[in-house]
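For reference, the structure discussed in these notes is given below.
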Amino acid sequence: MVTLTWALSLLLNNKTELKRVQEEINIHIGNERKVEESDISKLEYLQAVVKETLRLYPPSPIITFRAAMEDCTFSCGYHIPAGTHLMVNAWKIHRDGDVWEDPQDFKPQRFLTTHKHVDVRGQNFELVPFSSGRRACPGASLALRVVHLTLARLLQSFEIDSPSDEAVDMTESFGLTNLKATPLQVLLTPRLHPKLYEL
Ligand code: HEM
């Protein structure tokens, strides 16, 4: 829910990207049937939007409860004695200007070009929304399936708009979970045949 809220907010503030995902869904699935889970692998731009959302707004921005198992010294000079309690600032890593061009900007395209091989599952340390290693999020696969399918269905089924002309407020809350500080309001207009909305 947190990631869906941020993804919709980002898309509302970047209408070209919103149209591009909807166009991709039109091309690969059309408007005669609903998007299914098996379609997601074809929706590369949608996947890039989800990655870019998790980069800019990782739901768990600080990864906590770690301790150094042995003394170690980083190449940059930091010495970490064994037993030191550690926290990883994923939010900061995800906006590191040495790794990401225009780190504050929403650019899903980067995951189809310069960062094509960077994934969110903990193998690439510049993008760790689910953390990494043996205590990484065990719900990552489920979360990714739900986020992709729900976002795809929403964007396929509805034109999405803001009730006002103002940009969506992107203020983040403080805390262990990165919630949007203000509620997201959206106007939904059906864009498919009425029979596709029947339960
Ligand atoms: C977009 C959605 C999600 C994100 C970004 C996320 C992210 C994370 C992160 C960063 C951690 C900390 C891992 C660490 O300390 O190294 C974590 C832990 C955990 N997550 Fe998730 N999570 C998500 C969804 C879920 C879901 C859907 C479930 C369960 C169905 C889940 C279950 C857990 C559990 C049980 C842990 C604790 C693992 C441990 O301490 O060994 N998460 N998650």
Side-chain angles (χ1 to χ4, degrees), residues 1-14 17-18 21 35-41 43-70 72 74 78 80 82-96 99-100 103-108 110-111 115 117-156 160 168 170-184 186:
M1 197 61 201
V2 177
T3 301
L4 275 174
T5 305
W6 285 120
L8 285 176
S9 305
L10 285 162
L11 290 171
L12 281 169
N13 283 346
N14 295 273
E17 314 297 332
L18 172 60
V21 185
V35 181
E36 299 297 338
E37 211 181 313
S38 55
D39 295 312
I40 299 301
S41 59
L43 302 176
E44 286 189 343
Y45 208 71
L46 175 94
Q47 292 176 48
V49 163
V50 170
K51 281 186 183 175
E52 185 69 336
T53 304
L54 288 168
R55 182 184 73 81
L56 284 168
Y57 298 96
S60 303
I62 306 284
I63 297 163
T64 52
F65 310 123
R66 293 289 190 281
M69 292 170 71
E70 52 191 66
C72 88
F74 287 116
Y78 288 114
I80 316 284
T84 307
H85 284 209
L86 300 168
M87 289 196 277
V88 178
N89 188 341
W91 190 96
K92 185 75 180 154
I93 292 171
H94 291 184
R95 292 177 186 238
D96 182 348
V99 176
W100 307 97
Q104 312 297 337
D105 295 351
F106 178 64
K107 290 188 167 179
R110 69 174 92 239
F111 288 108
H115 292 74
H117 302 294
V118 175
D119 194 30
V120 290
R121 292 168 188 268
Q123 300 303 309
N124 304 105
F125 298 141
E126 62 270 55
L127 188 64
V128 285
F130 295 102
S131 184
S132 184
R134 68 174 69 170
R135 297 302 295 271
C137 177
S141 290
L142 174 66
L144 287 170
R145 282 173 179 220
V146 172
V147 168
H148 284 112
L149 186 59
T150 313
L151 186 61
R153 286 250 176 123
L154 259 174
L155 298 179
Q156 181 194 32
I160 308 228
V168 174
M170 301 300 279
T171 310
E172 298 162 79
S173 61
F174 292 102
L176 282 182
T177 305
N178 188 7
L179 303 172
K180 190 171 167 316
T182 51
L184 172 66
V186 287

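The model shown is predicted, which means the values in this text are computed figures rather than measured ones. Counting starts at 1 for both ligands and their atoms, following the listed order. Side chains are part of it too, since the values below use all heavy atoms of this structure and drop only hydrogens, waters and symmetry mates.
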Quick one: table the atom pairs, ligand 1 N or O against protein N or O, below 3.5 Å, distance rounded to 0.1 Å.
from, atom 1, to, atom 2, distance (Å)
ligand 1, 15 (O), Arg66, NH1, 3.1
ligand 1, 15 (O), Arg66, NH2, 3.2
ligand 1, 16 (O), Arg66, NH2, 2.1
ligand 1, 16 (O), Ser131, OG, 2.4
ligand 1, 16 (O), Arg135, O, 3.1
ligand 1, 40 (O), Arg135, NE, 3.3
ligand 1, 40 (O), Arg135, NH2, 2.7
ligand 1, 41 (O), Arg135, NE, 2.6
ligand 1, 41 (O), Arg135, NH2, 3.3

Quick check: do Ile40 and Leu43 have side-chain heavy atoms less than 4.5 Å from each other? yes
Ion pair present between Glu36 and Arg153, side-chain N to carboxylate O less than 4.0 angstrom? yes
Can you list the residues that meet the side-chain hydrogen bond (donor to acceptor under 3.5 Å, both in side chains) rule with Trp100, with sequence neighbours excluded? none
Is there a side-chain contact between Leu54 and Leu127 in this structure, where contact means two heavy atoms from C-beta onward sitting under 4.5 Å apart? no
Taking only residues two or more places apart in sequence, or in another chain, which ones meet Glu44 in a side-chain contact (heavy atoms from CB on, under 4.5 Å)? Glu24, Leu112
Under the side-chain hydrogen bond (donor to acceptor under 3.5 Å, both in side chains) test, which residues partner Lys51, sequence neighbours left out? none
